[in-house]
Amino acid sequence: MSTDTAEMANPGQLTVLNAGLTEHGAKAREHRIAIVAGIVGRPNLKSTKDLTRAEATKALRYLDLAEEVGEMQELVDQYRPAVTS
């Protein structure tokens with residue numbers, strides 16, 4: 001999908017998306033982006049501001065479902081960056 005012709009995510013979507021992930025333990029920007037990139041299938045995503053409206057909607061629905069079925073923590077942990085010493 002080309003983001004050149006697609007409508008971009010609105011600020012409200014991005015606020016809810018980032019706040020929800022932060023609330024569930026994805027406090028680092030890179031961690032939130034990794035989760036969203038995995039959900040929407042864009043491994044090279046650099047910012048949630050680059051999401052289309054459809055991608056943001058998909059991510060929000062996915063996160064709602066993960067929370068509903070009790071798998072939100074597993075999702076956050078799956079994309080948690082490795083700690084280097």
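Counting from 1, the numbers follow the sequence of the chain as shown. When reading the values below, keep in mind they use all heavy atoms of this one structure, side chains included, and skip hydrogens, waters and symmetry mates.
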* Structure fact -> The reported gap from CD1 in I33 to CG in D50 (rounded to nearest 0.5 angstrom) is 8.5 Å
* Which residues pass the salt bridge (Lys or Arg N to Asp or Glu O under 4.0 Å) test with D64, sequence neighbours left out? -> none
* **Close side-chain approach of T52 to V40, heavy-atom, < 4.5 Å** => no
* Structure fact -> With sequence neighbours left out, the residues meeting salt bridge (Lys or Arg N to Asp or Glu O under 4.0 Å) with R61 are none
If you look only at distance, which donor and acceptor atoms sit under 3.5 Å apart when one is on a side chain in residues 13-29 and the other is two or more places apart or in another chain?
from	atom 1	to	atom 2	distance (Å)
Q13	OE1	N10	N	3.0
Q13	NE2	R53	O	3.4
Q13	NE2	T57	OG1	3.0
T15	OG1	P11	O	3.0
N18	OD1	R32	NE	3.3
N18	ND2	L14	O	3.0
N18	ND2	T48	OG1	3.3
T22	OG1	N18	O	2.9
T22	OG1	R32	NH1	3.4
H24	ND1	G20	O	2.9
H24	NE2	E67	OE2	3.3
R29	NH2	K46	O	3.1

* Count the heavy atoms of every other residue, nucleotide or ligand shown that sit under 6.0 Å from OH of Y62, and state whether that count exceeds 12. => no
* Quick one: CG on L63 to CD1 on I39, what's the gap to the nearest 0.5 Å? -> 4.0 Å
